[in-house]
There are 2 protein chains.
Amino acid sequence: MEDNLFECTVLHEETVKKVKETMPEDGIIYDLAELFKVFADSTRMKIIYALLKEELCVCDIASIVQTTQSAISHQLRILKQTKLVKYRKEGKVVYYSLDDDHIAEIVKKGREHIDEL
Amino acid sequence: MEDNLFECTVLHEETVKKVKETMPEDGIIYDLAELFKVFADSTRMKIIYALLKEELCVCDIASIVQTTQSAISHQLRILKQTKLVKYRKEGKVVYYSLDDDHIAEIVKKGREHIDEL
DNA sequence: TAAACATATGAATATATATTCATATGTTTC
DNA sequence: GAAACATATGAATATATATTCATATGTTTA
């Protein structure tokens, strides 16, 4: 009659109850996972690193990342949708830059972890 | 004769050269993307949040995350391989806990970004 | 040592997503 | 307004990966 589907006799009920209460809503968890998904691809990570330095147009990025304009453009769309980059147009050229101070910090923390392994 | 495959006349050569010099090696970028990949799944994010509170056994985690023991175990393997969690055995029960201080910081920075949108 | 139990794992399936290719859109210049 | 150019995008393909199911492994207890 317990509401856990997990037939398990060593379950620490008090602990589980306490931890459950502190868990963020599923929506928050989902959004967090979605955010980190953006950082979870080499191409996008390269784009982010490049933009950490300065504003760049699409063909600059393609040259730096050594990938096709199309692939870059698709990835920039994702970065745009998740509000990690902003852009401005100058004629037919589009300049992208980072749109959030947290990005640098997240990358830095990740880098610290990597460097300590 | 340029070494860029990107037929693009507005390329900012000086800028591109400068940024290229500051880019981390591909290996670092790859490792970073792999790290963030671990955070990029709702189930793993829930496990991480649960373990932020305290050490838990597999069936506790399954109960908190409301998923099967098998799914949790598969995800814990990934968290183990990437050195984000450690474990200790007590008889047939296995207790998992976070293995790195950066994890909390990375999640916190991500959360700050989410909360500001 | 056999049964009960906690956890781990291999294989299969389903789903997500990165890249490529072709082409569309929008801007500038002649 | 036509050609050249920078960027965007839809469709298709290929690859990665999360979950499920069945079962294996290892530990405790009767």
Side-chain angles (χ1 to χ4, degrees), chain A residues 4-13 16 29-30 33-48 55-82 85-97, chain B residues 4-13 16 29-30 33-48 55-82 85-97:
Chain A
N4 63 73
L5 324 152
F6 326 100
E7 300 311 328
C8 170
T9 62
V10 304
L11 195 121
H12 305 75
E13 300 196 22
V16 166
I29 296 277
Y30 178 84
E34 287 300 303
L35 172 64
F36 286 119
K37 223 169 262 183
V38 182
F39 293 88
D41 174 81
S42 293
T43 301
R44 283 192 298 267
M45 186 55 72
K46 284 180 191 171
I47 294 174
I48 290 169
E55 178 184 74
L56 296 165
C57 73
V58 176
C59 72
D60 290 343
I61 298 173
S63 171
I64 291 165
V65 176
Q66 294 279 100
T67 305
T68 63
Q69 174 270 321
S70 181
I72 295 294
S73 196
H74 277 296
Q75 296 306 335
L76 284 171
R77 181 169 42 78
I78 292 171
L79 289 163
K80 227 185 311 180
Q81 283 169 349
T82 52
V85 301
K86 58 179 187 289
Y87 65 96
R88 68 184 177 85
K89 284 184 157 182
E90 205 170 272
K92 59 188 168 185
V93 185
V94 182
Y95 292 91
Y96 283 86
S97 56
Chain B
N4 65 70
L5 324 151
F6 324 99
E7 302 310 329
C8 170
T9 61
V10 302
L11 195 122
H12 305 75
E13 300 197 22
V16 166
I29 297 277
Y30 178 83
E34 287 299 304
L35 172 64
F36 287 119
K37 222 169 263 183
V38 182
F39 294 87
D41 175 80
S42 293
T43 301
R44 283 192 297 268
M45 185 56 71
K46 284 179 190 170
I47 294 174
I48 290 169
E55 178 184 74
L56 296 166
C57 74
V58 177
C59 73
D60 291 344
I61 299 173
S63 172
I64 292 165
V65 176
Q66 294 278 99
T67 306
T68 63
Q69 174 271 321
S70 181
I72 294 296
S73 197
H74 278 295
Q75 296 306 335
L76 284 172
R77 181 169 43 77
I78 292 171
L79 290 163
K80 228 184 314 180
Q81 285 170 348
T82 52
V85 302
K86 58 179 185 292
Y87 65 97
R88 69 183 177 86
K89 283 184 159 180
E90 206 169 90
K92 60 188 170 184
V93 185
V94 182
Y95 292 92
Y96 283 86
S97 56

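Lettering of chains follows the sequences in order, A, B, ..., and the numbering in each one begins at 1. In this text, all values refer to a predicted model and were calculated from it rather than measured experimentally. Hydrogens, waters and symmetry mates are skipped; everything else that's a heavy atom, side chains included, is used.
- Listed by chain and residue number, nothing satisfies the side chain to side chain donor-acceptor pair (under 3.5 Å) test with Y87(B) (two or more places apart in sequence, or in another chain).
- Taking Y30(B) as the reference, nothing meets the ring pair (Phe, Tyr, Trp, His ring centres under 6.0 Å) condition, with sequence neighbours excluded.
- Under the side-chain contact (heavy atoms from CB on, under 4.5 Å) criterion, V58(B) pairs with Q69(B), I72(B), L76(B), Y96(B), not counting sequence neighbours.
- Applying the salt bridge (charged side-chain N to carboxylate O under 4.0 Å, His left out) test to every pair with at least one member in residues 56-67 of chain B, sequence neighbours left out, gives no pairs at all.
- Residues T82(B) and E34(B) have side chains not in contact (no heavy-atom distance under 4.5 Å, counting atoms from C-beta outward).
- In this structure, I61(B) reaches neither bases nor backbone, as no heavy-atom distance under 4.0 Å exists between it and the strands shown.
- Rounding to the nearest 0.5 Å gives a distance of 11.5 Å between CD1 of I61(A) and CD of Q75(A).
- Take E90(A) and apply the side chain to side chain donor-acceptor pair (under 3.5 Å) test, not counting sequence neighbours, and it matches R88(A).
- For Q75(B), no side-chain nitrogen or oxygen approaches OP1 or OP2 of dT17(D) to under 4.0 Å.
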Check your understanding: With Watson-Crick and G-U wobble geometry limited to distances under 3.5 Å, how should the secondary structure of DNA chain C be encoded in dot-bracket form, using | for bases paired to another strand and [ ] for crossing pairs?
Key -> ||||||||||||||||||||||||||||||
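- Residues meeting the side-chain contact (heavy atoms from CB on, under 4.5 Å) test with K92(A), sequence neighbours left out: none.
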Check your understanding: Once each nucleotide of nucleotides 5-11 of chain C is scored for protein heavy atoms under 4.0 Å, what B/S/- sequence comes out, 5' to 3'?
Key -> BSBBBB-
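- Across the protein-nucleic acid pair, E34(A) atom CD and dA18(D) atom P stand 13 Å apart, rounded to whole Å.
- For A40(A), the side-chain contact (heavy atoms from CB on, under 4.5 Å) partners two or more places apart in sequence, or in a different chain, are F36(B), K37(B), A40(B).
- The CG atom of L56(A) lies 4.5 Å from the CD1 atom of I64(A); values are rounded to the nearest 0.5 Å.
- Residues from residues 36-44 of chain B that place a heavy atom under 4.0 Å from any atom of DNA chain D, listed by number: K37(B), D41(B), T43(B), R44(B).
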